[in-house]
Amino acid sequence: MDARDAGTDISEVLVSEEAIAGRLAELARQVEADYEGRDVLLVGVLKGAVMIMADFVRALHRHAPMDWMAVSSYGSGTKSSGVVRILKDLEADVSGVHVLIVEDIIDSGLTLSWLVGNLRARGAASVEVLTLLRKPDAAKVDVEVRYVGFDIPDAFVVGYGLDYDQRYRNLGFVGTLAEHVHAP
């Protein structure tokens, strides 16, 4: 699906498909260097990180086991509720394992802060974060993020795994959702 298929639902393309691919390749090189000689478990956060995880792991030049968690603090709205629920837990035991959380977007940081704490409490050897997008102006808590694809403005964005009410995930780019789509 591209911008033409979305009609007037997208106000602006913020990050192109080409820019995403290039940045994920750069991040893959950084992760390879940082984890040289060590195994790392990639933990994707469903559903938004599916596209990022798929393209990121293909960009790696090493083996990288994957697992998935689904956590939610949104519902069908456009703002985080701050209450985190585990919808799908990991299959792997992370005790003594280096974990790299793969996220789609960090806005308030509330969900990610909770997730990092949860994995550390499970005894992970280390927990680091890779995110495609970060909204610095929306942060409510300080979360250390080692690998950031792009900093973006505090706008509601969709595409490349990000959705609004389960729509727009399959756009190949990240764009701002037009207000007429999500306005009350």
Side-chain angles (χ1 to χ4, degrees), residues 1-31 42 44-60 68-84 87 100-115 128-184:
M1 186 171 182
D2 63 25
R4 293 178 309 244
D5 298 320
T8 61
D9 292 357
I10 304 301
S11 297
E12 176 186 7
V13 174
L14 290 178
V15 187
S16 71
E17 192 168 354
E18 297 77 19
I20 292 169
R23 186 65 181 129
L24 287 177
E26 291 170 1
L27 291 172
R29 300 299 75 78
Q30 290 177 349
V31 168
L42 305 179
V45 182
L46 294 171
K47 297 176 187 172
V50 168
M51 306 292 191
I52 296 134
M53 178 75 97
D55 288 345
F56 175 71
V57 77
R58 282 192 299 249
L60 289 172
W68 298 92
M69 284 187 84
V71 294
S72 176
S73 67
Y74 279 91
S76 63
T78 62
K79 297 287 182 191
S80 173
S81 69
V83 177
V84 179
L87 305 175
L100 179 59
I101 298 170
V102 178
E103 264 283 23
D104 53 357
I105 189 167
I106 301 168
D107 48 29
S108 71
L110 294 169
T111 303
L112 182 60
S113 175
W114 180 90
L115 184 56
E128 299 290 349
V129 178
L130 180 149
T131 187
L132 179 66
L133 305 169
R134 177 176 62 183
K135 295 180 183 178
D137 295 337
K140 292 183 180 175
V141 296
D142 188 32
V143 180
E144 186 177 328
V145 180
R146 187 161 187 168
Y147 309 98
V148 177
F150 303 93
D151 282 331
I152 62 169
D154 187 14
F156 193 77
V157 295
V158 294
Y160 203 75
L162 297 152
D163 76 301
Y164 172 68
D165 211 14
Q166 297 299 321
R167 299 178 64 207
Y168 309 103
R169 287 190 197 278
N170 58 329
L171 291 171
F173 59 89
V174 173
T176 55
L177 190 62
E179 194 169 319
H180 77 267
V181 178
H182 65 87

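Excluded from the calculations below are hydrogen atoms, water molecules and symmetry mates; all remaining heavy atoms, backbone and side chain alike, are included.
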Task: Test item: K47 and D163 side chains (from C-beta on) under 4.5 Å apart, heavy atoms - done: no
- [ ] Would you check, one step at a time, whether the test side chain to side chain contact (heavy atoms under 4.5 Å, CB included) holds for V102 with L130?
- [x] CA-CA 5 Å; V102 178; L130 180 149; 4.2 Å; yes
Open item on the list: Counting only heavy atoms from other residues, nucleotides and ligands, does the tally under 6.0 Å from CD of E128 exceed 12?
Closed with: yes
Task: Derivation of the side chain to side chain contact (heavy atoms under 4.5 Å, CB included) call for L14 and L133 - done: CA-CA 11 Å; L14 290 178; L133 305 169; over 6 Å; no
TODO: Carefully, step by step, assess E26 and R23 under the rule salt bridge (Lys or Arg N to Asp or Glu O under 4.0 Å).
DONE: CA-CA 5 Å; E26 291 170 1; R23 186 65 181 129; 2.9 Å; yes
- [ ] Starting at NE2 of H182, measure out to CG of D165 and round the result to the nearest 0.5 Å.
- [x] 12.5 Å
Open item on the list: Can you confirm whether F150 sits close enough to V174 that some side-chain heavy atom of one is under 4.5 Å from a side-chain heavy atom of the other?
Closed with: no
Open item on the list: Show the nearest heavy-atom pair for residues A25 and A59, with the distance to one decimal.
Closed with: CA-CB, 4.1 Å
Task: For G161 against R169, the heavy-atom pair lying closest together - done: O-NH1, 2.7 Å
Task: Q166 CD: over 12 foreign heavy atoms closer than 6.0 Å - done: yes
TODO: Please examine the side chains of I106 and V143, heavy atoms only from C-beta on, and report whether any two atoms are closer than 4.5 Å.
DONE: no
TODO: Please determine which of L132, N170, L171 meets the side-chain contact (heavy atoms from CB on, under 4.5 Å) test together with Y160.
DONE: L132
TODO: State, yes or no, whether a side-chain contact exists between L112 and V145 at a heavy-atom distance under 4.5 Å.
DONE: yes
- [ ] Please round to the nearest 0.5 Å and tell me the distance separating atom CG of D55 and atom CG of L24.
- [x] 6.0 Å
Task: Side-chain heavy-atom pair R167, D9 within 4.5 angstrom cut-off - done: yes
Open item on the list: I want to check something: taking the side chain as every heavy atom from C-beta on, are V45 and M53 in contact at a cut-off of under 4.5 Å?
Closed with: no
Open item on the list: Using the rule side-chain contact (heavy atoms from CB on, under 4.5 Å), only one of I105, T176, D107, D137 pairs with I152; which is it?
Closed with: I105
TODO: For residues L27 and V148, report the shortest heavy-atom separation together with the two atoms involved.
DONE: CD2-O, 4.1 Å
TODO: Just jot down the side chain to side chain donor-acceptor pair (under 3.5 Å) partners of D151, sequence neighbours excluded, or say none.
DONE: R134
Task: For F173 against V15, the heavy-atom pair lying closest together - done: CB-O, 3.3 Å
Task: I10 to G175 - nearest heavy-atom pair and separation - done: CG2-CA, 4.1 Å
TODO: Could you label the plane-to-plane angle of the Y164 and F156 rings as parallel, tilted or perpendicular, counting under 30° as parallel and over 60° as perpendicular?
DONE: perpendicular
Task: Heavy-atom pair of closest approach, residues L115 and M69 - done: CD1-SD, 3.4 Å
